Enquirer: 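One structure, as structure tokens, below. Some questions next.
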Protein chains: 2
Amino acid sequence: MKNGARKGKSLAQLCVEKGMTLTKKRKVIINVIEKDPGHLNTEDVYNRAKMEDSSISIATVYRSLKLMRDYNVIDHHSFGQEHQHFESPMKSHHDHFVCNECGKITEFTDNSLEKLKINVARSHDFEMHSHRLEIYGLCSDCSKTSQ
Amino acid sequence: MKNGARKGKSLAQLCVEKGMTLTKKRKVIINVIEKDPGHLNTEDVYNRAKMEDSSISIATVYRSLKLMRDYNVIDHHSFGQEHQHFESPMKSHHDHFVCNECGKITEFTDNSLEKLKINVARSHDFEMHSHRLEIYGLCSDCSKTSQ
DNA sequence: TTGTTAATTGGGAATGAATATCATTTTTAC
DNA sequence: GTAAAAATGATATTCATTCCCAATTAACAA
């Protein structure tokens, strides 16, 4: 399976395989992304990267993230009106719950949903490369307190 | 059903029901959205609205769209890095294919997919208000020519 | 190593969509 | 009609993202 094959490889390895030059700055950025299991926006990545290398520029962060996006080694999302978020594709594919109340983003996976997506694309003669599903509403915490 | 109940009502009616003031300018904007069956971005709406009322300002278009969004009488999307798109919710819910090559956005509906989304949200104790699914890849035209 | 060339970078300017401001106009409620 | 509230137009502002260019670093043949 696609994601299975990726597991075990570091983000750095993936970047090299795709032909990206691994500079010092990029290593720092990659490191930041790999360390964090959640969703990071560009500002987050920048702030954390600066802790390791204070000379790093926001432009480099933007460029590197864009590059990794283009090379398909990281996933990016833009939830609603929010800024772009990035996450390492090391983990297998998942979708998101976005809470309209507290803004919390939770991941979930559902195999039958994944299969259905593939079927739907196929039946519409669409060659699927990627997909994303976001479900908006109230997370369990917020739906309790709003009663 | 939710969308079924909406069918037949005009966007203008919906706005009034929700408590929005129906000004001349807003009528023009509503008219533009209702006329177009597809996806409009803010610039599109502005350009078309100006044909009916040349005095209309882009600020008013932004304000009106934002208002209608907040009142849940129109749907908005931001596909990938693209700008926001709007569409009338008169039509029943649908998802989108987004072609990475030509940028074309196609709608599709799949009932079993819809049901599955509901089930998944329920089983994760998430109170679903809305959802969106986008499938990225190559449309049938582009996947042919790229061979 | 060293030199040469290409790629990367830092910092600040530029871009562009979206929002805020405020004086003026239109709506609404009476 | 009139007064208060809401909406509008024009423009300024914000803010994430990208561009620009000189300086730095990487790649690699000799």
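Treat the numbers as computed from the prediction; the structure is a model and nothing was measured. A, B, ... follow the sequence lines: proteins, then strands. Residue 1 opens every chain.
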Enquirer: Five pairs at each end of the helix from C:dT1-D:dA30 to C:dC30-D:dG1: take the axis at both ends and give me the angle between them to 10°.
Expert: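 Taking five pairs per end, the axes differ by 40°.
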
Enquirer: Starting at CD1 of A:Ile56, measure out to CG of A:Asn47 and round the result to the nearest 0.5 Å.
Expert: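 Reported value, rounded in 0.5 Å steps: 11.5 Å.
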
Enquirer: Any sub-3.5 Å donor-acceptor pair from B:Ser57's side-chain atoms to B:Ala59's backbone N or O?
Expert: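 Judged by distance alone, yes, a pair lies under 3.5 Å.
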
Enquirer: Given C:dT8, D:dT18, D:dA7, identify the nucleotide with an atom nearest to the side chain of A:Arg69.
Expert: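 Out of C:dT8, D:dT18, D:dA7, the nucleotide with an atom closest to A:Arg69's side chain is D:dT18.
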
Enquirer: Assign each of A:Ala59 and B:Lys66 to its nearest nucleotide of DNA chain C by heavy atoms, then name whichever residue's nucleotide is nearer the 5' end.
Expert: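 Nearest nucleotide further toward 5': that of A:Ala59.
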
Enquirer: Is A:Arg26 near enough to C:dT9 that one of its side-chain N or O atoms lies under 4.0 angstrom from OP1 or OP2?
Expert: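 Result: yes.
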
Enquirer: Taking OP1 and OP2 of D:dA6, is either one under 4.0 Å from a side-chain nitrogen or oxygen of B:Thr21?
Expert: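 Checking D:dA6 against B:Thr21, no side-chain N or O comes under 4.0 Å of OP1 or OP2.
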
Enquirer: Please determine if a side-chain N or O atom of B:Ser55 lies less than 4.0 Å away from the OP1 or OP2 oxygen of D:dT8.
Expert: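 It does not, given that no N or O in the side chain of B:Ser55 lies less than 4.0 Å from OP1 or OP2 of D:dT8.
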
Enquirer: Sub-3.5 Å donor-acceptor pair from the side chain of A:Arg26 to the main-chain atoms of A:Thr21, do we have one?
Expert: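 Yes: the side chain of A:Arg26 pairs with the backbone of A:Thr21.
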
Enquirer: Atom pairs, N/O to N/O, protein against nucleotides 24-26 of chain C, distance under 3.5 Å?
Expert:
none

Enquirer: With a 6.0 Å cut-off on the ring centroids, do A:Tyr136 and B:His129 count as close?
Expert: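 Here the rings of B:His129 and A:Tyr136 have centres that are no less than 6.0 Å from each other.
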
Enquirer: Look at the rings of A:Phe97 and B:Phe126 and say which category their plane angle falls in: under 30° parallel, 30 to 60° tilted, over 60° perpendicular.
Expert: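 It falls in the parallel class, under 30°.
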
Enquirer: Base, sugar-phosphate, or nothing for A:Ile56, non-hydrogen atoms under 4.0 angstrom?
Expert: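 Sugar-phosphate only.
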
Enquirer: Does a side-chain N or O of B:Tyr62 approach OP1 or OP2 of C:dT19 to a distance below 4.0 Å, or not?
Expert: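 Answer is no, no contact under 4.0 Å.
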
Enquirer: Taking only side-chain N and O atoms of B:Thr42, does any of them lie within less than 4.0 angstrom of OP1 or OP2 on C:dA18?
Expert: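 True: B:Thr42 side-chain N/O within range (under 4.0 Å) of C:dA18 OP1/OP2.
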
Enquirer: May I ask you to decide whether B:Lys117 forms a salt bridge with B:Asp95, counting only side-chain N to carboxylate O separations under 4.0 Å?
Expert: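 Yes, charged N to carboxylate O under 4.0 Å.
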
Enquirer: Using only atom types and a distance under 3.5 Å, with no angle test, would you say the side chain of B:Arg132 pairs donor to acceptor with the backbone of A:Leu133?
Expert: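 Not confirmed, B:Arg132 side chain does not pair with A:Leu133 backbone.
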
Enquirer: Does B:Lys18 come within less than 4.0 Å of B:Asp70, counting only side-chain N to carboxylate O?
Expert: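 So B:Lys18 does not pair with B:Asp70 through a salt bridge.
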
